[in-house]
Each structure stands twice: as structure tokens, then as C-alpha cells.
Amino acid sequence: MSEYVVEMKDIQKSFGSVKAVKNGFFTAKKGEIHSLIGENGAGKSTMMKLLFGMYPIDEGEILINGNNTDKLTPKIAIDHGIGMVHQEFMLVGELTVLENIILGFEPQKGLKIDFDAAKKEVKKYIEQYHMDIQLEKKVNQISVGEAQRVEIIKTLMRGAEIIILDEPTAVLTPQEAQHLFKILMNLKKDHKTIVFISHKLNEVMNISDRISVMRQGQYIDTVEKGNTSPLELTKLMIGREVFLNIDKTYSKAGKTVLEVEDVWIPSQKETSKIRGMSFHVNEGEIVGVAGIDGNGQSELVEAIIGLREVEKGSIKLSGKNIANKKTRAIRKSGLSVIPEDRNTQGLNREMSIADNLAAVEMDRVPYSKGFMIRQEAIVQNAKEKVEAFDIRPDDYNLPTSSLSGGNAQKVVVAREVSMDNKLLIAAQPTRGVDIGAIESIRNSLEKAKKEGTAVLLVSAELEEIISLSDRIIVIHEGKITGEMPADEANENNLGLLMMGGTHE
Ligand SMILES: Nc1ncnc2c1ncn2[C@@H]1O[C@H](COP(=O)(O)OP(=O)(O)OP(=O)(O)O)[C@@H](O)[C@H]1O
Ligand SMILES: [Mg+2]
């Protein structure tokens, strides 16, 4: 028998005219953690969706435990012991965690679901892998990290021996990522095989046994973790070195653009309620918001962009109170937003890339004149942005639903930073993008700032906050616990404030 539990050879897969995978090759050994890395659009998700039977392959072969699988479907893949946790979660928000876990394999119709038996089995996994999950809560009330653990349990319940995780840490805080790694190490101890897709090389270097690299749909190489370095991996991924150091220009204090004054914002979660927060962002300045996820960052951003009610206090944009105004109106007053959740707040997934790149300003010059939409202007804009932001594939007539995760993010960033607005709210702007795109998105933010935009940056990456911001505010349980110039900040003093400690 082969030493591999998975072998994918000479794989080809196209979507219409887009060749997503040209010569895909991948192997996995029993009990290993195998990372799959590569630029946005390299074909990582597609390769793994093929292994999970979500699309048929055009050419090539897939062997699982030495058996040739002819026509894979997710059901057949599950029967072969494959489980997948997707880049975009697939849980049903209105159902409880337990209901989600057993969804799809309850006893046949006519029989009652045996919740007690299901619960017992789920609890076994929760204990075995120290999962920390609340079974009775509705999914829309739990954190992303918890939702992910639910997805992992789902695969285990279905007998998965090979678990694919597509960018699981993109949406996690560093603490949650550590928790996930412990779970993965325990799964490995039980001889489960893990396929781990990530853009974060430090994670990849930390957790993998072997690492495979793809570039533009092609298989490049598989290396042993012990024989490689982040530098070599970067070169394998993009064929050059990347420097994430920003040439920061320190801003001269301009006029105040965003002024948040004693703001109170409700939230379902106790720790996420904003309780009396005041700060400001000036022209030509980047203010970073550091904090452990779930301490009010999302609520604050949603309130500023008009998606959440403000209970008390004022939020002023260039002197005008925008608290409790509609998003459309706030945007008209000079707001750009890179939202945390690109799929529900940033993009219309069914619309073309070109239309998405113009969307927010579609009713204005140059895209409209009177009631007429000007198609040439939309196309011209799309051509420029696709090129400038390296959006791949470059066919701007495709719907954004056909883009890879990172390329979808680039569409949002391209549109928002180019609008030349007074205020830019950037929430997790580099989430899920590759290291080359991180470099270009960070440069775009720095450029917007140089041109006078006031930027509020919310990011789970402390390193990103420190390297981009002029000033940093730290929040804990909805309150500001400290503020400092970025050049005085480090992971230690920020970390302490993030835990609710004090400055001195
Ligand atoms: N359902 C689809 N329809 C059309 N094109 C698709 C579809 N899924 C993927 N593609 C295209 O296939 C290519 C590979 O995409 P894939 O999602 O596999 O990339 P990826 O390596 O996972 O990138 P990322 O790091 O950004 O998630 C991309 O050019 C993408 O636009
Ligand atoms: Mg992907």
C-alpha cells in the first residue's frame, strides 16, 4: 500500500474560461499536518473542494487510502473519511449549535431525532479535544472561533479521518488561533490527517509537518517544515521577496475628521457593549484600534457606518452628527468603508466585478448622468482597478462570487480607497489576502493617509496596527484602556491594555 492517505495527480479544473487548477498535485500522509500555501487565486480552495467532491475534476485522478475514486461527491468523500471546514462558514445562524451539528444526518423521516444520543456523542468529542462549545446557544450568538470548533466537530461526527481547514485562522484572534492549534495537535495525536490552508507563514512554520506550494493553478513543490524557512516559502509562492515594512510618514496634525464623543452602543454580548467611548481621528492620520476580538470593535465600526443603533453620545464626521443616520447618507458625507464581512456588507456577490467596483457611486458622475448609467465609465474604472490592484482573473465581467477569497477582498479595497473620501474605516483590511496583496493594501492605506484621508484601522493583527498607525487606542470590554503613539507601542504594552490592564 502507498504511504499516502490522499494522492491527487495531474489534476485539471476550469470554470468557464478560467483555468483554476492546471497541474494540481497533492499528497497527504496519515497523521500529518500538511499546509497548502500560495497567492490569492492560486487554486488552493479549488484543489481541496475537488478532494471533498464539491466539483468534478476535469482531468487527473484522486486516490483516497489507495482507492481510486471515480466520481466524488461530498457524500462519497465523507464516506471515505474526508471532512472540510470551509473558508466561509456554512452554519445556520437561527439554529442551535447542537442542531447544526446533527443537521443533515438525523434519523430518517418519520423517526424522531434522538437529541440525547446525539448530545452524548458530541460531548465526547468536546471533552476529548477540549473544544469549549455551548450546545444550546444559537449559532448567531457564538463567536467565530466557537463556530469553527462546531464545524470541526461536525466533521468528526461524520467520521472524518482527513480534515481540511480552509484558512481557519483568517477570522481568528491570536488567542483563538492558539486554541485551534492545540485542537489540531490533539487531532494529529489521534492519527487524524490535517490539511491546513493559510497565508500566515509563522503559523505554517509552527504547525506543519510538510508544506505544499501552488502558484497560478500549478503545483510548485512540497517541502519538509524542518528544511525550509519563511523566506524560501515566500519565494516559492510569488517568485520574489516581499518586504512588509511600510515607509511611514508621520502626519502633521490636520483638522479633526471623525469625532466620537461619549458614545454608548448596545450589543447582545456583554463584553461587546460600548460604554462611553471618546476619541478622534484627524486628517492625514491613521488611528489603530487594538483589542481582543469581541470587545466592541465590530459594534463600534457598525455604529460609525450606520449599521447599528447608538444609544447615547455623538459621532461627528467633519462636524456633522452621523449617529443613527443611514449608511447611504453617511457615505454621502464622505465615508469609505472596508467592512469586516466582505460577503454581506462589502460586495454584491451576484453582480459583476465591474459593477461592484463602481457600486457605491453608481448614482453619481462619472457612472451616471441623469438617469442614464454610463457603461463606458464603469468599464474604464474596472480596467484601471483590476490592473492597479492585481485582481485575478482580470475578466471584470465575472460575478464576484467566482473570485477567490483574497481577490474578493481586493475588489472591496480597490473601490473604497479610491473614492477620495474624508474618512476611511478599514476593518480587518488584509484578512485572507496573500503576502503580496498585504503589501499592496497596506501601501494603499498609507497613500490614502498621505493624501489627507483620516483612517480608522481595526485589525486583529497587532503587527499590522503597529506598523501602519500613527496613534493607537486600545479597547477592552467596550472602553478605551489606553492610547499611545505607535512608536511607543509593542506587543507587550498593547497586550496588557487589551487584557484590561492599565498603562503604567
Ligand atoms: N466557482 C467558481 N467559478 C468561477 N471561478 C472560480 C470558482 N472558484 C474559483 N474560481 C477561480 O479559480 C481560481 C482559483 O481560486 P481558488 O479559490 O482556488 O484560489 P485560492 O488559492 O483559494 O485563493 P485565496 O487565497 O484568495 O482564497 C481563481 O482564479 C478563482 O477566481
Ligand atoms: Mg481560498
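Start at 1 and go down the list; that is how both ligands and their atoms are numbered.
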Going by the atom numbers of ligand 1, which of them fall below 4.0 Å from some non-hydrogen atom of [X]?
X      : result
Glu39  : 21 (O)
Leu403 : 31 (O)
Gly406 : 24 (P), 26 (O)
Tyr55  : 1 (N)
Thr46  : 9 (C), 14 (C), 15 (O), 16 (P), 18 (O)
Ser45  : 17 (O), 18 (O), 20 (P), 22 (O)

Identity of the nearest option to atom 23 (O) of ligand 1, non-hydrogen atoms only, from Gly41, Ser17, Gly405: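 Selected option, by shortest heavy-atom distance: Gly41.
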Within 6.0 Å of NZ in Lys29, more than 12 heavy atoms from elsewhere: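 Yes, NZ of Lys29 has more than 12 neighbouring heavy atoms, counting only those of other groups under 6.0 Å.
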contact_flag Gly43 ligand 1 heavy-atom lt 4.0 Å: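 Yes; Gly43 lies near enough to ligand 1 that a heavy-atom distance drops under 4.0 Å.
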Test item, His199 contacting ligand 1 (heavy atom, 4.0 angstrom):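 It does, in that a heavy atom of His199 comes within the 4.0 Å cut-off of ligand 1.
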Is the shortest N/O to N/O distance between [X] and ligand 1 below 3.5 Å?
X      : answer
Ala20  : no
Asn40  : yes
Pro393 : no
Ala42  : yes

Any donor-acceptor pair under 3.5 Å linking the side-chain atoms of [Y] with those of [X]?
X      : Y      : answer
Lys385 : Asn381 : yes
Glu384 : Gln380 : yes
Glu340 : Gln345 : no
Asn68  : Glu61  : yes
Thr27  : Glu7   : no
Asp190 : Gln128 : yes

Give the residue, atom name and distance (to 0.1 Å) of the protein heavy atom nearest [atom].
atom                    : result
atom 27 (O) of ligand 1 : Gln87 NE2, 3.1 Å
atom 11 (C) of ligand 1 : Ser402 O, 3.7 Å
atom 9 (C) of ligand 1  : Phe15 CE1, 3.7 Å
atom 17 (O) of ligand 1 : Ser404 CB, 3.4 Å

Test applied, side-chain contact (heavy atoms from CB on, under 4.5 Å); reference residue, Ile64; option that passes from Ile76, Asp79, Thr69: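 With Ile64 as partner, side-chain contact (heavy atoms from CB on, under 4.5 Å) holds for just one option, Thr69.
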Salt bridge flag under 4.0 Å for residues Arg210 and Glu224: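 Here Arg210 does not pair with Glu224 in a salt bridge, since their nearest N and O are not under 4.0 Å apart.
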Salt bridge present between Arg331 and Glu361 (N-O < 4.0 angstrom):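 No, Arg331 and Glu361 are not salt-bridged.
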Contact flag Asn40/the Mg ion (ligand 2), N/O/S atoms, threshold under 2.8 Å: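 Checking Asn40: none of its N, O or S atoms is under 2.8 Å.
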Location of contacts on Glu167 toward ligand 1, heavy atoms closer than 4.0 Å: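 Near ligand 1, Glu167 shows its side chain, while the N, CA, C and O stay back.
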Backbone N/O of Ile472 and side chain of Ser469: donor-acceptor pair under 3.5 Å: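 Pair absent, no side-chain N/O of Ser469 close to backbone of Ile472.
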Separation of Ile330 CD1 from Arg328 CZ (nearest 0.5 Å):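 Arg328 CZ to Ile330 CD1: 12.5 Å, rounded to 0.5 Å.
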